[in-house]
Number of protein chains: 4
Amino acid sequence: MKKNKPKFKQIIDAAVVVIAENGYHQAQVSKIAKQAGVADGTIYLYFKNKEDILISLFQEKMGSFIERLDALISDEETAAAKLKVLIENHFLMLSQDPHLAIVTQLELRQSNKELRKKINEVLKGYLQLVDRILSQGVETGEFIKNLDIRLARQMIFGTLDETVTNWVMKDQKYNLPELAPKVHELLLVGCKGEK
Amino acid sequence: MKKNKPKFKQIIDAAVVVIAENGYHQAQVSKIAKQAGVADGTIYLYFKNKEDILISLFQEKMGSFIERLDALISDEETAAAKLKVLIENHFLMLSQDPHLAIVTQLELRQSNKELRKKINEVLKGYLQLVDRILSQGVETGEFIKNLDIRLARQMIFGTLDETVTNWVMKDQKYNLPELAPKVHELLLVGCKGEK
Amino acid sequence: MKKNKPKFKQIIDAAVVVIAENGYHQAQVSKIAKQAGVADGTIYLYFKNKEDILISLFQEKMGSFIERLDALISDEETAAAKLKVLIENHFLMLSQDPHLAIVTQLELRQSNKELRKKINEVLKGYLQLVDRILSQGVETGEFIKNLDIRLARQMIFGTLDETVTNWVMKDQKYNLPELAPKVHELLLVGCKGEK
Amino acid sequence: MKKNKPKFKQIIDAAVVVIAENGYHQAQVSKIAKQAGVADGTIYLYFKNKEDILISLFQEKMGSFIERLDALISDEETAAAKLKVLIENHFLMLSQDPHLAIVTQLELRQSNKELRKKINEVLKGYLQLVDRILSQGVETGEFIKNLDIRLARQMIFGTLDETVTNWVMKDQKYNLPELAPKVHELLLVGCKGEK
DNA sequence: AATGAATGAGAGTTCATTCAT
DNA sequence: AATGAATGAACTCTCATTCAT
């Protein structure tokens with residue numbers, strides 16, 4: 001399988017760096033090849049075309065992230081604790097890889113609708129994770145009985161995404177993981193807070 | 001001032017239609033000119049360049065929207081009521097102009113970082129509106145005392161944005177404004193709900 | 001109509017020169033544009049793509065040639081005389097435009113099958129001309145009664161084509177039109193000659 | 001000598017199949033290697049480069065054909081009979097190998113001028129065969145005394161070639177060898193027919 | 001003010017050939 | 001002898017912008 005060959009990962013990592021440093025529209029295949037230390041043509045031994053690099057990039061990075069998250073979450077008991085782990089690690093992962101943060105929050109969004117649809121496919125795994133936490137919370141009575149899972153999921157994902165994007169747009173100048181507890185609290189009890 | 005000339009608005013409206021129907025990357029200047037019923041060169045009598053059309057588009061549409069929102073909100077007393085009006089009208093405005101919804105939620109995000117920074121400038125007016133509501137809520141005791149205004153604003157905007165984007169991605173098939181009360185409730189009391 | 005604009009012909013004439021001098025595979029669009037004295041992009045205001053230049057080239061040159069031939073032939077009475085005019089002018093036209101001879105006999109044949117099919121469409125007009133001469137010859141008794149028109153046409157066209165190609169391959173060093181009477185005689189009475 | 005090794009012929013036969021089925025421009029070396037059941041690199045142990053495959057292909061196929069023709073012709077007495085054997089077998093050979101017919105009549109003609117010059121070298125053997133028949137015909141008085149050998153040879157070759165090409169372009173739908181007698185007659189006595 | 005013909009820079013991808021194993 | 005992964009040069013076409021009319 002091609003994915004196990006070292007050059008596959010090598011090219012994807014090069015793509016992350018090149019896109020983060022040059023922007024999506026200035027990330028030419030030749031630049032990625034140079035950064036990866038291979039010839040232009042070699043790219044096409046591992047990827048169908050340029051778009052395929054970007055999809056694979058997202059699948060590789062996000063896929064492994066979701067797996068790790070899944071493992072961490074299963075260690076927790078309550079839905080609230082699971083949500084906390086999710087938020088903490090979402091922030092942690094992206095703050096540990098500044099290039100990847102730029103790529104996923106800013107650059108990859110400039111891709112065309114077709115690519116974005118495929119990215120959304122990958123994101124589904126993440127959203128299902130959130131859904132499972134919410135369902136458990138409702139079942140155990142931690143969360144309100146008639147919670148609209150879909151809307152709650154959109155709130156959680158929208159909030160995390162907006163928070164990370166703001167942090168990236170501010171050039172990652174402040175500490176992102178530090179915000180996790182407050183965001184967690186906010187999502188659990190809203191603006192009104194604990195009564 | 002150019003903005004008051006009829007062709008200025010004419011070209012912006014043409015741009016909304018062309019981008020919504022063809023997508024950002026297929027919205028060539030010549031297509032916009034044709035839709036607007038003017039020659040290609042005429043565009044450049046009213047706009048500095050293509051980017052300027054998009055910025056102006058956002059300013060025009062968002063600017064008038066913020067003004068209208070501001071007026072509606074000042075009719076309400078409590079922060080909660082103001083937030084409700086904000087959400088309702090955010091959803092209402094976009095559901096009343098399907099083309100505009102596609103353009104702002106999907107297509108304009110494909111623009112480059114530079115353009116997106118300028119769009120964020122325009123969005124600041126909206127975010128300040130949210131901030132004022134939140135500050136009032138904290139002052140009057142409606143909202144929790146130590147509410148982190150910035151995070152709460154990111155939650156509110158992130159949630160609304162994600163909700164609208166989902167609706168657009170599902171081809172605007174369901175009724176968006178109908179979701180306002182539930183979203184409002186969710187933002188106020190979180191997943192745990194009213195105690 | 002685009003075909004009446006001077007640049008249309010200008011670009012086609014440039015293509016003939018560039019292909020004749022550089023060969024089919026070394027006739028880049030940029031070279032043709034330079035030879036025509038226009039920008040690369042201008043080519044695409046008059047032609048759909050590179051293939052379209054070549055098809056148009058053939059249509060323009062061959063089309064007008066067939067028209068001229070048709071007029072000349074109708075001035076003759078007998079089928080034999082018509083055939084003579086056809087051969088003479090076939091040789092004359094190509095020997096008067098050495099570049100065009102190279103392009104039609106050698107270079108355009110390197111094009112892909114798709115393009116060659118379209119070229120054959122244009123050639124049909126020429127072949128029909130030959131067919132009409134042959135039919136007349138049979139009807140008037142000049143030619144043998146049970147002459148196979150299709151085979152005779154293939155003999156005539158194949159002979160003329162092979163003769164011209166040989167002349168081009170020999171760098172057009174000898175006088176082509178001079179061969180017309182002998183070729184005419186040969187086609188009329190075959191190897192055995194007049195009895 | 002490499003030509004006697006089994007892989008030499010194996011690769012040439014693979015090339016015929018691949019070119020016939022995919023067309024000249026879609027007949028990549030890697031495809032030929034795959035069809036021949038060898039590695040890409042192996043090709044270069046037997047051929048200098050891609051062009052060399054095509055030249056060798058033509059030499060092998062045409063060379064053995066000319067030898068066979070030569071033998072068959074020497075069995076005949078008169079020039080007319082020899083010409084008949086030539087035509088019959090020219091048609092027969094190509095109709096017995098449909099792939100080869102496509103390759104020689106259509107695909108190989110898309111090659112560049114350089115390659116075509118080398119192909120013409122090989123063809124010389126065939127043309128000399130024709131020339132010998134014609135000379136004999138003139139000497140024995142079968143053919144006209146002042147027959148222009150070169151032109152007559154171009155007529156014969158051009159007619160046969162055009163006839164075969166037409167048959168290939170019509171997808172080899174009709175019986176080619178059946179046409180031999182009529183073509184033979186036509187070449188001998190021309191359009192006027194026997195007097 | 002308005003036109004629209006003309007401009008020209010810029011990049012993804014293929015494939016014949018090589019060479020270390 | 002045989003392999004096949006790696007190489008890297010080369011070219012069409014699009015489209016934002018200009019400027020003579």
Side-chain angles (χ1 to χ4, degrees), chain A residues 2 5-8 10-11 25-34 36-54, chain B residues 2 5-7 11 25-34 36-54, chain C residues 2 5-8 10-11 25-34 36-53, chain D residues 2 5-8 11 25-34 36-54:
Chain A
K2 291 245 165 108
K5 301 207 178 165
K7 294 219 167 130
F8 182 84
Q10 195 174 324
I11 291 165
H25 289 293
Q26 279 306 306
Q28 294 88 346
V29 171
S30 60
K31 247 182 217 163
I32 296 173
K34 199 172 189 180
V38 300
D40 292 19
T42 306
I43 300 268
Y44 293 87
L45 297 176
Y46 296 91
F47 301 91
K48 220 171 62 230
N49 49 34
K50 190 181 177 181
E51 193 181 59
D52 192 29
I53 307 176
L54 306 175
Chain B
K2 296 227 163 136
K5 303 213 177 159
K7 289 203 174 153
I11 291 166
H25 289 293
Q26 280 307 305
Q28 294 88 349
V29 171
S30 60
K31 243 182 221 165
I32 296 172
K34 199 172 189 182
V38 300
D40 293 18
T42 306
I43 300 266
Y44 291 87
L45 298 175
Y46 295 89
F47 299 91
K48 217 169 68 227
N49 50 35
K50 189 181 179 182
E51 195 180 59
D52 191 29
I53 307 176
L54 305 175
Chain C
K2 290 250 165 99
K5 300 204 177 167
K7 294 218 167 132
F8 183 84
Q10 195 174 324
I11 291 165
H25 289 293
Q26 279 306 304
Q28 293 88 347
V29 171
S30 61
K31 247 180 216 163
I32 296 173
K34 200 171 187 180
V38 299
D40 291 20
T42 305
I43 300 267
Y44 293 88
L45 296 176
Y46 295 90
F47 300 91
K48 223 171 60 231
N49 49 36
K50 188 180 176 181
E51 193 181 59
D52 191 29
I53 306 176
Chain D
K2 295 231 160 128
K5 303 213 174 161
K7 289 205 174 151
F8 182 85
I11 290 166
H25 288 293
Q26 279 307 303
Q28 294 85 351
V29 171
S30 60
K31 241 180 220 165
I32 296 172
K34 199 172 188 182
V38 301
D40 294 17
T42 305
I43 299 266
Y44 291 87
L45 297 176
Y46 295 88
F47 300 91
K48 215 170 68 229
N49 50 34
K50 188 179 178 181
E51 194 179 61
D52 191 30
I53 307 176
L54 305 175

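Letters A, B, ... mirror the listed sequences (proteins, then strands); counts begin at 1.
- DNA chain F is contacted by both A/Lys7 and D/Ala39; D/Ala39 maps to the nucleotide lying nearer its 5′ end (nearest heavy atom per residue).
- Not counting sequence neighbours, C/Lys50 has no partner by the side chain to side chain donor-acceptor pair (under 3.5 Å) test.
- The distance from atom CD1 of A/Ile32 to atom C1' of E/dT13 is 14 Å, rounded to the nearest whole Å.
- Listed by first residue number, the stems of DNA chain E with at least three Watson-Crick or G-U pairs below 3.5 Å are E:2-21 with F:2-21.
- Taking every heavy atom of both residues into account, A/Lys31 and A/Gln26 meet most closely at NZ-O, 2.9 Å.
- Taking atom CD1 on A/Ile43 and atom P on E/dT14, their separation rounds to 13 Å, with Å as the unit.
- When all heavy atoms of A/Asn49 and A/Tyr44 are compared, the pair lying nearest together is CA-CE2, 3.8 Å.
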Check: For nucleotides 13-21 of chain F, read 5' to 3', which letter fits each nucleotide if B means a protein heavy atom sits under 4.0 Å from the base, S means only the sugar-phosphate is that close, and - means neither?
Finding: BBSSBB---

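- D/Phe47 approaches D/Phe8 most closely through the heavy-atom pair CE2-CE1, 3.5 Å.
- For the pair D/Ile32 and D/Ile11, the tightest heavy-atom approach, listed with the atom from each and the gap, is CG2-O, 3.9 Å.
- Contact detail for B/Asp40 and B/Ala33: the closest heavy-atom pair is OD1-CB, 3.6 Å.
- Within the 4.0 angstrom heavy-atom criterion, no nucleotide atom of any strand lies near D/Lys31.
- Protein atom NZ of D/Lys34 is 16 Å distant from nucleotide atom C1' of F/dT3, rounded to whole Å.
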